[in-house]
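Fair warning: this is a prediction, and the values are worked out from it, not measured in the lab. So you know, we letter chains A, B, ... as the sequences are listed, proteins then strands, and number each from 1.
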Amino acid sequence: MFVRSLTAKLKQKTSKTSNLNYVPFLIDILNHSFTNSSLSHVHFPSDISQTNSLIASYVRRGDPVSALTLFHSLRRRAHSDVVADAYTFTSILRASSLLRVSGQFGTQVHAQMLKTGADSGTVAKTALLDMYSKCGSLDEATKVFDEMRHRDVVAWNALLSCFLRCDRPVEAFGVLREMGRENVELSEFTLCSALKSCASLKALELGRQVHGLVVCMGRDLVVLSTALVDFYTSVGCVDDALKVFYSLKGCWKDDMMYNSMVSGCVRSRRYDEAFRVMGFVRPNAIALTSALVGCSENLDLWAGKQIHCVAVRWGFTFDTQLCNALLDMYAKCGRISQALSVFDGICEKDVISWTCMIDAYGRNGQGREAVEVFREMREVGSKVLPNSVTFLSVLSACGHSGLVEEGKNCFKLLREKYGLQPDPEHYACYIDILGRAGNIEEVWSAYHNMVVQGTRPTAGVWVALLNACSLNQDVERGELAAKHLLQLEPNKASNIVLVSNFYAAIDRWDCVEELRSIMRTKGLAKEAGNSWINVPGFNRHAISLSA
DNA sequence: ATAGGGTTAG
């Protein structure tokens, strides 16, 4: 009964709010749990501490649905003596983070806590901070922290990981400094977060100091060592990472540790080391996936093929994510037929599989095939929907192959059929397609359309507009585009070259000369283009040719 | 109540 009334309430709420993404999901789960939950046989405890430990044990066991269901049964029986307290709410907040429904639901729990005064303690506030942090509400999270009267190290750590979670390492450092000023005694959790900040800011010296603190702590903790490995590899010190990895003797290394080490070695093209590390354990799909991404980045077909063999040997070819990385690796290394055969072999293709395949054809100049895969994807039907990246791949494929009608059609589908809002990047591709086809008026009408929709043009959009003007001798509006581009990114050499090409195209050689001298005084040079070739006998090393 | 590893464009 209580589940039905809850879902009814939630449904009412969802019709009024914009947060529609997760609440229907919660309703499904609770409806499902109504029939399947282990709770259907359970007698409800008659005092709050028993109820709390039952809820906590559900959460620990990874069954947040039962925890939430039990919690709502409490609310229905509010007239009885069993009333939720701070302990109940902390478990419930954790359960809602586990379900990733914390946004609106978490706010409701917060409201109830305020009503009953269960929000005042440090532990409760830390749980609230963590809930807001996990659903991306940075402002709410910091507000909760500011309200705390007593802040222990756990509260500080929660604030730290809050900043790291939303990719704000500089603010995280600010928190660490503040902790120093307040004389908070650092814990392992603090050091872990500190290492993560150092890794994302590439702060080598600072990270080494944190390493010192880790050693002083004197415990072989696998989590801290993984963070150290991750830190050292992300600042390019693979040898230091390997030292940490091999010095970890007394402690059991888990998969995450191996995965971190493998992906670090591959990113720095230390394949021998990567394969040696992989040799210690049965390889897992994640390690192989990250190894493949490294191969794609380095265009290293040789290593990619080795990893493909390992994946086949261990039976990981049913893993969609691994296959996506494999397909992308072959595509980026120019082996389009291999990429296709991997794609065909994926049983459960997701949006990334499809997008990678479309992009594979597109970057190989096979626009028709890309459009064909896109059509197939939409026909296969409702199961996999294209996202904005998919559309970008299709549009860019059309641009590379001069497929004007297909490009127009795709842009139309993006808005009209899939209800997506085009990003500036989509507009840039689209403008490029129209410009190459010689439709300069359509180019500018697309631009005006974009402005009307409230999308601000980025440098990429001005680049596309400028190119279109060069191709179509649109002198006046071209100068406008050039002006905007140079305002947005005045010090990017490729932009100045582009503007100078525009003036060359309209026979204004005086301007070309002026721009060249500006480049000289600014000391800018256009980056050299790169090509990669494999040399027989040296096939493990790609050679870069400057053009 | 807080901590470590994986996929898509340009």
Side-chain angles (χ1 to χ4, degrees), chain A residues 56 59 86-87 89-91 93-94 97 121-131 133-134 144 148 151-162 164-165 187-196 199 221-231 233-234 253-264 266 284-294 296 319-329 331-332 350-360 362-363 386-397 399-400 423-426 428-429 432 458-460 463-464:
Chain A
V59 177
Y87 292 98
F89 287 119
T90 49
S91 290
L93 286 171
R94 204 169 135 72
S97 318
T122 300
V123 174
K125 283 222 190 299
T126 305
L128 277 167
L129 196 170
D130 191 54
M131 181 276 292
S133 146
K134 280 179 180 149
V144 173
M148 274 187 208
R151 296 169 186 142
D152 59 8
V153 64
V154 182
W156 283 97
N157 290 341
L159 183 69
L160 251 182
S161 35
C162 176
L164 287 173
R165 202 170 278 131
S187 73
E188 293 111 68
F189 289 70
T190 326
L191 297 187
C192 212
S193 298
L195 283 170
K196 230 185 145 178
L221 272 175
V222 70
V223 176
L224 268 175
S225 301
T226 307
L228 276 170
V229 165
D230 212 49
F231 159 71
T233 54
S234 61
K253 298 190 186 77
D254 61 7
D255 274 357
M256 279 201 198
M257 182 78 205
Y258 285 106
N259 295 346
S260 212
M261 198 60 249
V262 169
S263 90
V266 178
N284 62 70
I286 291 176
L288 294 180
T289 307
S290 64
L292 281 168
V293 175
S296 310
D319 185 308
T320 299
Q321 283 157 204
L322 186 142
C323 287
N324 291 346
L326 196 55
L327 148 59
D328 193 55
M329 185 277 296
K332 291 219 169 94
D350 62 8
V351 64
I352 294 172
S353 322
W354 288 98
T355 306
C356 283
M357 196 60 229
I358 291 168
D359 187 61
R363 73 169 60 229
N387 63 19
S388 73
V389 181
T390 317
F391 276 100
L392 204 53
S393 301
V394 184
L395 285 170
S396 119
H400 285 311
D423 295 330
E425 289 85 355
H426 293 110
C429 276
D432 197 55
T458 56
V463 166

Classify the nucleic acid contact of [X] as base, sugar-phosphate or nothing, counting any heavy atom under 4.0 Å across all strands shown.
X: A/Lys125; value: nothing
X: A/Arg165; value: sugar-phosphate
X: A/Lys332; value: sugar-phosphate
X: A/Ser396; value: sugar-phosphate
X: A/Ser290; value: sugar-phosphate
X: A/Val222; value: base
X: A/Asp432; value: nothing

side-chain contact (heavy atoms from CB on, under 4.5 Å) with A/Lys125: which residues, sequence neighbours excluded?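 Per chain and number, A/Lys125 pairs via side-chain contact (heavy atoms from CB on, under 4.5 Å) with A/Asp119, A/Val144, A/Glu147, A/Met148.
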Please identify each residue that fulfils side-chain contact (heavy atoms from CB on, under 4.5 Å) with A/Val154, with sequence neighbours left out.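 Listed in chain order: A/Thr126, A/Asp152.
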Considering only heavy atoms of chain A and a distance under 4.0 Å, specify the first and last nucleotide of DNA chain B in 5' to 3' order that meet this criterion.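 Contact span on the strand: B/dA1 to B/dG10.
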Using a 3.5 Å distance criterion without hydrogens, assess whether the side chain of A/Asp254 forms a donor-acceptor pair with backbone atoms of A/Met257.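 It does hold such a pair.
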Taking A/Val389's backbone N and O only, do any of them form a donor-acceptor pair with A/Asn387's side chain (distance below 3.5 Å, no angle check)?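 Judged by distance alone, yes, a pair lies under 3.5 Å.
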Looking only at the side chains, is there a donor atom on one of A/Ser97 and A/Asp130 sitting less than 3.5 Å from an acceptor on the other?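 No, because no side-chain N or O of A/Ser97 sits under 3.5 Å from a partner of the opposite role on A/Asp130.
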Hey, are the side chains of A/His400 and A/Arg363 touching, using non-hydrogen atoms and a 4.5 Å cut-off?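 They are not in side-chain contact.
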